[in-house]
Protein chains: 2
Amino acid sequence: MKTADPELMRAINRFNVLDTIRRHGPISRVEISERSELSTTTVSAITASLLDDGLILTRHEGDIRNAAARGRPRVMLELNPDAARVVGAKIAANRMVFVVTNFRGEVLSELTLPIRVDRQPIAVIADLIEDGVRRCVVDADLSLDEIDSICIGLPGVVEHRTGHVRSSPIFREIGVDFASEMTSRLNVATIVESDAHAITLAHHWFGRARDLDDMVLVSLEQTLGLGVLHGGQLFRGAGGLSHNLGDLVLGVGQSQTVRLSTLAGESAILGEHPMDGRFAEAVRLGRGMAHAQTLIAAEDNALIAAASRAGEAIGLAVANIVTLFGPPRVVIVGSSLSLGAVFVESIRQAYQSAIPPSIRTVAELVFEESADETWAQGAAVVALCELYESPWGTTGPAPAL
Amino acid sequence: MKTADPELMRAINRFNVLDTIRRHGPISRVEISERSELSTTTVSAITASLLDDGLILTRHEGDIRNAAARGRPRVMLELNPDAARVVGAKIAANRMVFVVTNFRGEVLSELTLPIRVDRQPIAVIADLIEDGVRRCVVDADLSLDEIDSICIGLPGVVEHRTGHVRSSPIFREIGVDFASEMTSRLNVATIVESDAHAITLAHHWFGRARDLDDMVLVSLEQTLGLGVLHGGQLFRGAGGLSHNLGDLVLGVGQSQTVRLSTLAGESAILGEHPMDGRFAEAVRLGRGMAHAQTLIAAEDNALIAAASRAGEAIGLAVANIVTLFGPPRVVIVGSSLSLGAVFVESIRQAYQSAIPPSIRTVAELVFEESADETWAQGAAVVALCELYESPWGTTGPAPAL
DNA sequence: ACCAATTTTTCCCCAACACGGATTAATTCA
DNA sequence: TGAATTAATCCGTGTTGGGGAAAAATTGGT
């Protein structure tokens, strides 16, 4: 158990204030005080310290209240975009996407490398990532030592605390200490996180879950991932490891177990279709799902059947997740959504039939095929979250007296 | 977000100290200081306050260290058993069990009522519970106004925060405000909790998870329940509601969903056997599973098949739970375990085949058919946990200056 | 142009907390 | 009996957040 010093108290309140400023745009001290239920005195002290550290800025325009308000006008506070810069990366089997963002999580530069990396040796993948990061940083007119932190999001089971990759479809090896590998290569603190967790935070900050502190996200990419937001924070299993939705088992027949990934993974769906030249080409380029969508539109029955079967399986899995976590909203993202309405409707129907009546009204399903950039941005947000809570904020009120 | 006063700080440290004393028996101040990483000064202040409030006692004997230790001997501290008394109850379809415990969770009196209550109207059930509580309290030579809190554990989906029972197999109605019903009847603060959560805490305090702060418990009674301990606390879904394992869906056949409860619930297993007189009688008395065990021992093939099928389904579900929560240990309890080795082995096998290789070593499975009394004791622990954190502890160091 | 009213922000002081160092208490060993 | 040793407490310091008063910065009215 961590002891409760005054320091901890301070850290908590400081984080709350900073987070409130981040969420609610330019905001005055009084409003922070109302939202965070801290006294105006305390808010004033904390914001003074934050201003001192250059984490936030004042702005004298933009008081949204009725313009004809009496009294001293409010001074609006907002995050200082230049307080930090981070790199976020999404590594998928057939592409890598990098972004550099500022302290607000706004994208400064973006780089997509349509390279197939799965089944390459670790060293090659690390090389490619290193190059991508360096390139993207240069594109943002920065140098690497101006970067405060890096987060790499990749599919699979990742131990967040240690940066240990238990297993990933893009690695041949299992049990890779990827965080320290990249940290020593780039000489910048690098953390590794599951791609599903990254996109979960992205939706919490910018996307479909901005208003919620509790929700569940299901990602349907090559790998099936899961992110659980609980009390405004990522819920990480014991030991800090991420979940892998594809590892769930569904089947129960004659002692036959079927893993969700073999039922609803990308290869499971596309495998239903004979791989003629154009299709194979599309899959290779990572456009397999989009191409499948055109085939479905042309009433390719095999694919339609595959898509709806996959949707069914996913709908059941989502119902199970809701049964366990009871979130008010489930955000479903990923490239598989480009299969179109057949797929989505099949998920919805299976979900409806599988969700127990007593909690049928608890959760709403939201679908959105997030852009690649958003995934990388999510990774950047993971890095920013760490910065927010870092001892960096321990700039006490008396640093050099 | 809750604001971080000095008061919160105090509450946290106070709770830590109290919890350390509870866990580690009679313990000296220095050892508390080591375990909790608080300074001896602080520990001394907090224990003084706890002594003042009568929550703990000093004991001068029993310094376990080498008897020939130099220096001032340590004063051992332990929970004051008489600091509070609570009632815990387990309500099942065919029996109700009550216990009165002291502040340490030790049972002072126990009462089992082998009454079938399911499908009775709420008022009747409430009547029976009220009687049971009163009776059990009298058995402990106490009167109701000496009871500080009551917790009732029952199967189903319960909203802990509000005491709202969303659905329960023992109620005909859904959405029952049971906590306030019982509170007004007994005139003692009464909370309602899922029975699975209760037994989870029981195992955390006294049973197979004493050494762990993270674990998962699966209860196989008439209802299939789940309890997740995360960071030493019950993990309650968003909105504080409990999970119902039986609501998980497993099957994916021809758009046919199979709920776990219909595969592995008590009635699903026993329903396989023709209900002759003796068997029906045993089931009525809640000894159905034990009787089934004797039939299995006599090689009743239908039942053996049913048991192993049920075990398979449960094994899969457990594998899914481990995939999601990654606990170091899964404790499996409940009356269904009396089906015997066929059942347990079937669970183990299905689990082994379903658990993904990357996390095969994460969790160990532990089976234990807990006694009825333990369930009720668990409910008592739920009540005690609330007391531990209550503002009752807010007896500041300067109460009446 | 000036003063009153109003609202935001800061300044000053207090209570509570954890903690470090010195002090006192209670024991064993020589 | 006294020295050594270990446990527990007392006292002073620095931190925190909060309440109330004062200062600051504006608008509205006369």
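Letters A, B, ... mirror the listed sequences (proteins, then strands); counts begin at 1.
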**Q** OP1 or OP2 of D/dA4 sitting under 4.0 Å from any side-chain N/O of B/Arg70?
**A** no

**Q** When the distance from CD1 of A/Ile32 to P of D/dG18 is rounded to whole Å, what number comes out?
**A** 14 Å

**Q** Of the non-hydrogen atoms in A/Leu387 and A/Asp148, which two are nearest, and what is the gap between them?
**A** CD1-CB, 4.0 Å

**Q** Considering only heavy atoms and no angle criterion, is a donor-acceptor pair shorter than 3.5 Å present between the side chain of B/Arg72 and the base of D/dT6?
**A** no

**Q** Between P on D/dC10 and CZ on B/Arg29, what's the gap in Å once rounded to a whole number?
**A** 11 Å

**Q** Do B/Thr200 and B/Leu234 come within less than 4.5 Å of each other through their side chains, counting heavy atoms only?
**A** yes

**Q** Could you tell me whether B/Arg236 and A/Asp214 make a salt bridge, using a distance below 4.0 angstrom between a side-chain N and a carboxylate O?
**A** no

**Q** Taking the side chain as every heavy atom from C-beta outward, state whether A/Leu144 and A/Asn187 have any atom pair closer than 4.5 Å.
**A** no

**Q** How do B/Ala45 and B/Thr40 order along DNA chain C: which one's closest nucleotide is nearer the 5' end?
**A** B/Ala45

**Q** Could you state the NE2-P distance from B/His60 to C/dT27, rounded to the nearest angstrom?
**A** 9 Å

**Q** Round to a whole Å and report the spacing from CG of B/Asn16 to P of C/dC17.
**A** 15 Å

**Q** For A/Arg14 and D/dT15, what is the distance between atoms CZ and C1' respectively, to the nearest whole Å?
**A** 14 Å

**Q** B/Ile12 has an atom CD1; how far is it from atom C1' of C/dA18, in whole Å?
**A** 13 Å

**Q** How would you label the contact of B/Ala4 with the nucleic acid (heavy atoms, under 4.0 Å): base, sugar-phosphate, or nothing?
**A** sugar-phosphate

**Q** What is the distance from CZ of A/Arg74 to P of D/dT26, rounded to the nearest Å?
**A** 15 Å

**Q** Just to confirm, is there a sub-4.0 Å distance from OP1 or OP2 of C/dA18 to any side-chain nitrogen or oxygen of B/Asn13?
**A** yes

**Q** Look at the side chain of B/Thr41 and decide which nucleotide, out of D/dC11, C/dT9, D/dA7, has an atom nearest to it.
**A** D/dC11

**Q** How about B/Leu18 and B/Leu79: do any of their side-chain heavy atoms sit closer than 4.5 Å?
**A** yes

**Q** Between A/Thr42 and D/dG18, is there a side-chain N or O to OP1/OP2 distance below 4.0 Å?
**A** yes

**Q** For the side chain of B/Asp5, starting at C-beta, report the closest nucleotide among C/dT10, D/dG18, C/dA18.
**A** D/dG18

**Q** Quick check for you: among D/dT9, D/dA8, D/dA25, whose closest atom lies nearest to any side-chain atom of A/Pro73?
**A** D/dA25

**Q** What integer distance in Å separates B/Leu8:CG from D/dT15:P?
**A** 21 Å

